[in-house]
Amino acid sequence: MGLGLQGCETTALAPMGAAPGRLSLEPDERRLWLRAEEEQRRLDRSGLLYDDPRLNEYVNSVADRLLAPEVRANGFSLTIRVIKNPTLNAFALPNGVIYVHTGILARIENEAQLATLLGHELTHATHRHAVKRFRDLQNKAALAATFGVLGLPFGLIGALASALGQLGTIASVYGYSQENEAEADKEGLTLMVNAGYDPREAPKLFTHMKEWLEESKVKEPFFFGTHPRLQERVESYQQLLSGPFKDVESRQGRTVRTDEYLSVVQPVILDNAVLDLQAGRFLAARKELQKFSTLSPTDARPHYYLGESYRRENDSKERDQAVPAYERAIALDQSYADPYRGLGTLYYQTGKKREARVAFERYLALAPDAADRAYIERYLQELSEGGGES
Amino acid sequence: MKRMLIGLLLLLTAGCAPYSRVSGNATISELGIEAALPDGWYRANRVTDALLITKDGFPLQFIRIERVEHDKELQFTKRKFSPGMPPHDVAELEADNLRSATGISNFELLDNRPVIIGGLQGFRLDFQWRTSDGLRVKRTHYGFMKDKWVYRIVYHAAARHYFDRDLPAFTAILGSFKLTKT
């Protein structure tokens with residue numbers, strides 16, 4: 001395993017910020033941090049990071065508001081990075097680097113919900129859950145058996161599976177003990193409340209993700225992508241709101257910040273829909289495209305991708321809906337070439353030669369330098385050789 | 001009698017060998033194809049659903065020819081081809097599947113263009129990525145759809161030294177590629 005943890009070490013460790021002065025790591029924890037830095041480098045070089053400076057600045061500013069002054073005084077710093085992947089996932093490395101998937105950002109509804117998620121993940125780091133988890137497993141002599149093989153079952157995360165190291169896998173797939181997860185819920189909620197956010201958004205986040213998974217009929221391998229784990233979070237936050245946070249809940253003037261969140265995250269919603277489309281998750285893609293379209297009603301792109309989702313699904317009933325979606329995209333932006341290619345391909349596939357030719361010709365007229373020009377020219381040649389107008 | 005036994009033993013041993021040298025025109029009836037194979041390459045005999053050959057070992061380079069039924073789920077995206085799918089859609093599906101493969105990073109699709117293979121409309125995809133060991137590899141993937149089959153003719157090699165060196169062997173295979181039946 002290479003982590004060199006010693007046998008039967010205590011899993012009782014004080015959280016960061018409990019004592020003044022620079023952070024003091026235990027020897028095995030220091031090795032874990034070095035490992036985390038290695039994994040971080042691998043992820044950062046993997047080509048999987050989502051490159052949007054405005055989004056990065058925004059999510060880091062939300063996280064920064066959550067970090068308690070006493071933890072900051074220990075010299076602990078926090079960094080958020082976004083990964084291009086449509087699954088519901090976020091995980092923290094022990095050194096304070098938190099990775100959030102575009103899939104989860106696209107489904108979060110407001111800044112308070114983002115703060116809930118980041119607060120939960122931040123607590124895993126500040127409360128040293130990774131080293132506790134490793135010590136606990138080693139004490140049970142189960143470490144090798146549990147994490148010896150990375151056998152994630154879902155192809156969608158394939159490229160990510162090789163970039164995720166052992167720590168990332170534990171954090172994002174297996175999660176921590178129930179006790180540690182409950183602690184992350186409670187302490188995370190405290191952080192978001194201290195930062196002025198409305199705690200009522202916390203259970204809503206997980207309820208919303210659970211409903212989304214059910215409606216989209218997708219199965220995911222990650223902690224936040226599994227129904228029982230989400231249900232646990234919903235119940236845990238509901239208990240906190242009816243117990244220790246009861247008074248906070250009723251206070252007025254708490255921040256939710258829906259518009260601010262959506263204005264920054266809006267491009268992610270469309271990009272993530274395209275990722276879902278590439279992965280063949282058509283229902284999930286459509287839900288996101290509809291959400292994007294509501295936010296940006298005059299944008300033609302979601303209608304084009306909706307058309308693509310219907311055309312590519314290989315279902316004749318769904319395919320019938322492709323034409324109106326492409327036509328809507330064209331109505332919104334007549335200089336937009338892609339819907340013409342979609343229409344051309346659809347007509348080509350269904351034997352409507354004349355319509356296919358008109359659409360392909362229009363596509364090439366609008367996008368003379370299109371990367372797939374050679375394909376389209378070949379189809380046009382075939383359509384003109386074939387004769388037999390439909 | 002002794003000679004016959006030795007002969008039989010040699011025959012059995014040869015049949016069980018994991019690799020055998022290839023050379024000249026070959027008809028691979030289980031794939032319904034014919035192609036001229038390069039001298040000095042070895043075929044993996046235990047791979048029965050594809051023609052898989054290498055010169056220096058599979059991590060360094062290989063050529064793989066196979067066909068899959070269109071309604072079989074792709075390995076990584078779990079998507080399927082559909083009958084009558086135009087070549088650019090087939091190419092896109094293949095590229096998306098590879099993009100989602102395990103054990104790769106820094107995936108790049110370098111080129112995607114239409115080609116004619118054995119008289120049929122198909123596509124050519126060029127990729128590069130890094131393996132989990134950090135090796136930079138390049139792949140050229142030719143493909144086309146014929147009836148219920150999607151054919152793949154793939155050349156994969158370490159980007160440094162091997163890819164360019166052995167590309168002519170792949171080009172020769174491609175030039176001689178023919179379908180014998182579908």
Side-chain angles (χ1 to χ4, degrees), chain A residues 42-49 84-86 150-165 218-219 274-282 308 311-316 319 341-342 344-351 356 360 370-379 381-382, chain B residues 70-117 119-137 143-145:
Chain A
R42 190 163 59 224
L43 272 166
D44 293 352
R45 284 197 310 252
S46 66
L48 296 171
L49 292 190
K84 274 182 287 186
N85 190 289
L150 176 61
L152 300 180
F154 194 55
L156 183 63
I157 48 91
L160 178 63
S162 55
L164 274 181
V218 294
K219 284 184 182 166
V274 176
L275 291 174
D276 270 324
L277 200 58
Q278 284 172 348
R281 307 201 317 171
F282 299 110
E308 284 293 279
R311 184 179 71 80
R312 292 186 198 184
E313 197 167 351
N314 301 331
D315 177 318
S316 55
R319 199 180 273 182
R341 184 192 49 194
T345 309
L346 186 67
Y347 292 140
Y348 174 86
Q349 283 177 285
T350 49
F360 280 144
D372 55 359
R373 183 176 184 98
Y375 279 108
I376 306 303
E377 282 175 340
R378 185 153 286 174
Y379 299 149
Q381 192 185 348
E382 187 193 324
Chain B
H70 67 73
D71 57 354
K72 194 181 166 195
E73 276 187 353
L74 286 161
Q75 187 183 359
F76 299 107
T77 55
K78 309 295 176 201
R79 290 172 66 187
K80 291 177 186 175
F81 302 101
S82 60
M85 208 175 219
H88 81 271
D89 273 353
V90 179
E92 214 166 287
L93 219 52
E94 292 280 40
D96 286 345
N97 186 52
L98 200 55
R99 191 180 278 120
S100 304
T102 49
I104 68 172
S105 62
N106 301 91
F107 176 89
E108 274 182 88
L109 173 59
L110 305 171
D111 197 10
N112 175 1
R113 59 183 136 117
V115 289
I116 300 286
I117 310 159
L120 295 162
Q121 280 206 35
F123 59 86
R124 173 185 169 158
L125 296 164
D126 290 297
F127 306 103
Q128 69 174 12
W129 66 81
R130 273 189 197 281
T131 66
S132 48
D133 302 324
L135 183 70
R136 198 162 64 86
V137 296
F144 61 91
M145 200 175 211

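What's counted below: heavy atoms across the whole structure, side chains too, no hydrogens, waters or symmetry copies. Lettering follows sequence order; numbering is per chain, from 1.
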Find out whether A:Arg45 and B:Arg130 are in side-chain contact, i.e. whether some heavy atom of one side chain is under 4.5 Å from a heavy atom of the other.
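No. Closest side-chain heavy atoms not under 4.5 Å.
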Side-chain contact test, heavy atoms from C-beta onward, threshold under 4.5 Å: evaluate it for A:Tyr375 versus B:Pro86 and give yes or no.
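No, every pair of side-chain atoms sits at 4.5 Å or beyond.
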We want to know whether A:Glu382 and B:Gln121 form a side-chain donor-acceptor pair, criterion being a heavy-atom distance below 3.5 angstrom.
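Side chains of A:Glu382 and B:Gln121: pair found under 3.5 Å.
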Contact class of A:Leu49 relative to chain B, heavy atoms under 4.5 angstrom
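Interface part for A:Leu49: neither.
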Look only at the side chain of B:Arg79 and the backbone of A:Gln278, and say whether a donor-acceptor pair between them is shorter than 3.5 Å.
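Side chain of B:Arg79 to backbone of A:Gln278, a donor-acceptor pair under 3.5 Å: yes, one is there.
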Can you tell me if B:Asp96 uses its side chain to pair, donor with acceptor, with the backbone of A:Ala279 under 3.5 Å?
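Judged by distance alone, no pair lies under 3.5 Å.
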Spacing of [atom1] belonging to [X] relative to [atom2] belonging to [Y], to within rounding of 0.5 Å:
X: B:Lys80; Y: A:Glu313; atom1: NZ; atom2: CD; answer: 12.0 Å
X: A:Gln349; Y: B:Ser82; atom1: CD; atom2: OG; answer: 6.0 Å
X: A:Arg281; Y: B:Lys78; atom1: CZ; atom2: NZ; answer: 13.5 Å

Verify side chain to side chain contact (heavy atoms under 4.5 Å, CB included) between B:His88 and A:Thr345, making sure each step is shown before the conclusion.
CA-CA 9 Å; B:His88 81 271; A:Thr345 309; 3.4 Å; yes
Let me see the working for A:Arg311 and B:Asp89 under salt bridge (charged side-chain N to carboxylate O under 4.0 Å, His left out), right down to the final yes or no.
CA-CA 11 Å; A:Arg311 184 179 71 80; B:Asp89 273 353; 2.5 Å; yes
Taking side chain as everything from C-beta outward and backbone as N, CA, C, O, which of these in B:Ile116 sits under 4.5 Å from a heavy atom of chain A? Side chain, backbone, both or neither.
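Contact with chain A involves both backbone and side-chain atoms of B:Ile116.
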Check whether B:Ala95 gets within reach of chain A through its side chain, its backbone, both or neither, counting any heavy atom under 4.5 Å.
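Interface part for B:Ala95: neither.
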